[in-house]
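What follows is a single structure, written as structure tokens, with notes after it.
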Amino acid sequence: MKTELSTRLGVEHAIFGFTPFPAVAAAITRAGGFGVLGAVRYAAGEDLARDLDWMQEHTDGKPYGLDVVMPAKKVEGVSEADIEAMIPQEHRAFVQETLAKHGVPELAEGEASGWRITGWLEQVARSQLDVAFDYPVKLLANALGSPPADVVARAHDHGILVAALAGSARHARHHQDAGLDIVVAQGYEAGGHTGEIASMVLTPEVVEAVDPLPVLAAGGIGSGEQIAAGLALGAQGVWLGSIWLTTEEAELHSAALTNKLLAAGSGDTVRSRALTGKPARQLRTAWTDAWDDPQGPGTLPMPLQGLLVAEAVSRIQKYEVEPLLGTPVGQIVGRMTSTRSVQAVFDDLTRGFERAIDRVNRIAGRD
Ligand SMILES: Cc1cc2nc3c(=O)[nH]c(=O)nc-3n(C[C@H](O)[C@H](O)[C@H](O)COP(=O)(O)O)c2cc1C
């Protein structure tokens, strides 16, 4: 599945895979796609360096990328402690009440909260980049807006292409004006932070808006047929996130969560602010219901909500409290019905793509 963009990046297939797990990212790259490691969960630069070292050793010299969550607007001199201090007591009490209602045990004395996503604090994202620029990363992607101009310039100086996610044509044009190389048009169906426009409408709008910049179609893609649809809409490739969550290489560390994903249908997700403070598609759970309940205190803006719920999410994950257990995932979860290796998923995607092209030709009488 070659396109101009896959040739430019030196990959066999124009299939980009976002994942928070190094083993998945490396396997996508080895399979002939382009693995992109999500950095938001790395608080410390050393942890990222350790995993990038590992990626280097497990990607057979093939290219891979890194995704950070860097806000375009600079907030100077605000520490994590300053942000913590802005969280109202009422919200802290609501977290504890909700956990108590479901009998979620406390973490052991001195046990650190494992799920602490501080990567969207600019200083943390910048420290991640300081590490990443020492590695032969070929693509830098940014989740929430165009990265700051100095970061784009630094990436380009290192020969790194810069991409960013866009949920509307306006966002996409902003990325183009900021000098970015690739736009990921991410539709409403997608897992994680999303806008309100479905991929079927968004992809061609973004393609047209930023022409001739290459666009990757994202959101709701989990089969070769859907990849063919993305290319038919003008994308130069596709960007998949959810589908890798139930692969053998994914380190979800929770059989209960994997089983929930395997059992979920395409209507079992919700776009909720419960996890981060910005609308993010995720499994609908008793946790998202509590935060989305008009009787509750409601969510706080990013980054307060993420800091507020970090310890709670760790506890829910550690003790596998089923009703509350969730993860960002898109509507494609309905097709994730078995655990397979990344390679098996990948083969399925590339074969399905060929089948889809043949089928369209047949239907259109072009055989
Ligand atoms: C578990 C999970 C975590 C995500 N975290 C991020 C992130 O940190 N940065 C980012 O740019 N996108 C993130 N996304 C969105 C993906 O990059 C991608 O755009 C999306 O998953 C595509 O839609 P799909 O889920 O339908 O494949 C996440 C998606 C999932 C499923």
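Both counts, for ligands and for their atoms, begin at 1 and track the order of listing.
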Are more than 12 heavy atoms from other residues, nucleotides or ligands located less than 6.0 Å from atom NZ of K2? yes
For L165, counting its heavy atoms only, list the atoms of ligand 1 lying under 4.0 Å from any of them. 11 (O), 12 (N), 19 (O)
Below 4.0 Å from any atom of ligand 1, is there a heavy atom belonging to D67? yes
Just to be sure I'm reading this right: ignoring hydrogens, which of W239, F21, Y188, F16 gets closest to atom 17 (O) of ligand 1? Compare them by their nearest heavy atoms. W239
Please state which protein non-hydrogen atom is closest to atom 31 (C) of ligand 1 and give its distance, to 0.1 Å? P328 O, 3.5 Å
To which of S242, A163, G220 does the heavy atom nearest atom 26 (O) of ligand 1 belong? G220
Flag the pair W291 / F94 as yes when their ring centroid distance falls below 6.0 Å, and as no otherwise. yes
Identify, for atom 6 (C) of ligand 1, the protein heavy atom at the shortest distance, and state residue, atom and that distance. F18 CZ, 3.2 Å
Which option, G241, G167, G38, A217, owns the non-hydrogen atom nearest atom 27 (O) of ligand 1? G241
Do L139 and V162 share a hydrophobic cluster, counting only Ile, Leu, Val, Met, Phe, Trp and Tyr and linking them when any side-chain heavy atoms are less than 4.5 Å apart? no
Ligand 1 to L240, heavy atom cutoff 4.0 Å, flagged ligand atoms 27 (O)
Starting from atom 19 (O) of ligand 1, locate the nearest protein heavy atom and write down its residue, its atom name and how far away it is, to 0.1 Å. Q186 OE1, 2.6 Å
Is R281 positioned over the aromatic face of Y188, cation under 6.0 angstrom from the ring centre and no more than 45 degrees off axis? yes
